[in-house]
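Scroll down for the structure; my scribbles are underneath it.
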Number of protein chains: 2
Amino acid sequence: MTKIKRAAIVGGTHGNEFTGIYLIKKFEKYPALIKRHSFETFTLLGNPRAFEESRRYIDKDLNRCFLKKDLHDTTLSSYEDIRAKNIHKILGPKGNSQVDVIVDLHSTTTNMGLSIILKNEHPFLLKLAAYLSSINPLVKVCCAASDRESSFLRSLCELGFVVEVGPVAQSVLSAEWFQKTEELIYTILNYLDSSNQGTAPPSPSAVTVYFTISDVDYPRNERGEIQAMIHPQLQFRDYEPLHPGDPMFLTFDGKEIPYVGESTVYPIFINEAAYYEKGVAMCFTKKQEILLSSHDVIEMQPS
Amino acid sequence: MTKIKRAAIVGGTHGNEFTGIYLIKKFEKYPALIKRHSFETFTLLGNPRAFEESRRYIDKDLNRCFLKKDLHDTTLSSYEDIRAKNIHKILGPKGNSQVDVIVDLHSTTTNMGLSIILKNEHPFLLKLAAYLSSINPLVKVCCAASDRESSFLRSLCELGFVVEVGPVAQSVLSAEWFQKTEELIYTILNYLDSSNQGTAPPSPSAVTVYFTISDVDYPRNERGEIQAMIHPQLQFRDYEPLHPGDPMFLTFDGKEIPYVGESTVYPIFINEAAYYEKGVAMCFTKKQEILLSSHDVIEMQPS
């Protein structure tokens, strides 16, 4: 394992996710808080104009602008395309980045607690995530199961991951999540520092990881209008098992729509405000236990 | 008391407050649900373009566009100014409106429960609010203490009021609040209907009303940047007493800022996402008991 030399903490990739933005402001005012002996840490405010307007983005979602082909496409010139190219200059180039670690701070209207979202099963990140979840029950770990190139900001470097906290409304500053996220960041930085020095705290032998399977949209009519709501029994139940037959949606005239899959899934991002336009009511995941020593995957029995 | 002949139910005065918008869509699909014997009910979607963009407004807050002088000012031509003039044609003219009742449906990121917000102490609305709060503990009643002309949509007619529900994030459809609001609307319509027929259910002899005193902004620096968050102990404590010395804000470096007033107040709209730009962190109210028979006001002791 190469040593970490530079780590970037990014906030406000979405302008209405205030937790990360105000943490970045705090770290800019008190840089000693994120200074560690063995590596350099610096901060970046992802989308300052969207923050000024208290919106997720101005023209398009910045956190979908980091495909290599788009970063090199000079015809893409929306505010976020240009911003992505600038961030790419600071953190990239993608695949050979100037930073070893990116911590991208997000918040969500869903009950994701303190989620660590990985782009792949990198052993170092798995160990870090295992350690974080072992000392804080609010920490959950998810991982994209896709092999496709990611368009997310975190994909600019190999050890890039998202910290996703909630539930908190868009454009709201929550002291509770501010403090919990801040503490998590210090734990992450301390872990990186001690890891550099060969004194990383021991990780547990296994970690529970929620691997994304598929996105599920709201029921819609032919004009694309939503025809049912997240069922009250499913709202805020992120990471809990959804068994075949369990209620999933509720139509406006009160009819239950059950989950009709064949196996139990673990939905996350249930009723995220920003995903209505993306056609995502929730994201199904598979819960798996990963042994850290041998790196084996053991499918867990639904509880 | 003149009979109610026409009532308007308005939703989506703010485009990212989905509860009211999807209720309006339901009532448009099933008009029998809001049909009552003794009066006509119709629906209105306040800001359709803002809803399309899932934003509070396009150019300016529609719910601040209903001052008489602005409604008659032909130089005001933003999207919301024009929309306000159109709504004024349908519901107005202000002071001599074509409707007897306006129920304007809003949602909030704050813990307002099912709030009925009155523009004044009209005896009929007080009785209605008293009845609603007597049968549902989630119903709270607030009233603007100001004599100034209101710029709110509800001010177009004498019996106009807001139903404000939450906490719910902006741009999120919550089945729980959808159902609770729907039930409240039917109770209101039934009350109006029975009142027209002289068979209104008896109201309690008194009603608790929270009268607005003043708005309180977040602590800010000279550049207008927020310097402290709502204290975790105050978050979601709308309608609860705030005593002198109680923590109100928390700075980013962890210092508590207490409430320094001389008397107990009852804050509402604590940490409303849409009010950051208005310089409002919360709104102080005074809790009063109004006797409905004599219409006396009795100041309540802080609990």
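Proteins get letters first, then strands, A, B, ... in listed order; numbering begins at 1 in each.
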Among the listed options A:F249, A:Y218, A:Y276, the residue most often paired with chain B at heavy-atom distances under 4.5 Å: A:Y276

Most contacts with chain B, counted as non-hydrogen pairs under 4.5 angstrom, among A:K29, A:H231, A:R55, A:Q170: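 Top count of heavy-atom pairs under 4.5 Å with chain B: A:R55.
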
Selection from B:G254, B:P167, B:S171 maximising heavy-atom pairs under 4.5 Å formed with chain A: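 Top count of heavy-atom pairs under 4.5 Å with chain A: B:S171.
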
Residue selection (most heavy-atom pairs with chain A, distance under 4.5 Å) from B:A274, B:A175, B:P232, B:A228: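 Of the options given, most contacts go to B:A175.
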
Would you mind checking which part of [X] comes under 4.5 Å of any heavy atom in chain B, side chain (CB onward), backbone (N, CA, C, O), both or neither?
| X | result |
| --- | --- |
| A:Y30 | side chain |
| A:N16 | neither |
| A:F18 | side chain |
| A:Q227 | side chain |
| A:E225 | side chain |

Inter-residue atom distance B:F252.CZ - A:L173.CG, 0.5 Å rounding: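 Between B:F252 CZ and A:L173 CG, I get 5.0 Å after rounding to 0.5 Å.
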
A:M229 side, atom CE; B:E176 side, atom CD - distance, nearest 0.5 Å: 11.0 Å

B:K35 atom NZ, over 12 foreign heavy atoms within 6.0 Å: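 Not more than 12 within 6.0 Å, no.
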
Any side-chain heavy-atom pair of A:L250 and B:Q179 under 4.5 Å: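 A:L250 vs B:Q179: side chains touch.
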
Stepwise side chain to side chain contact (heavy atoms under 4.5 Å, CB included) check, B:Y22 with A:I226: CA-CA 9 Å; B:Y22 282 93; A:I226 287 173; 3.9 Å; yes

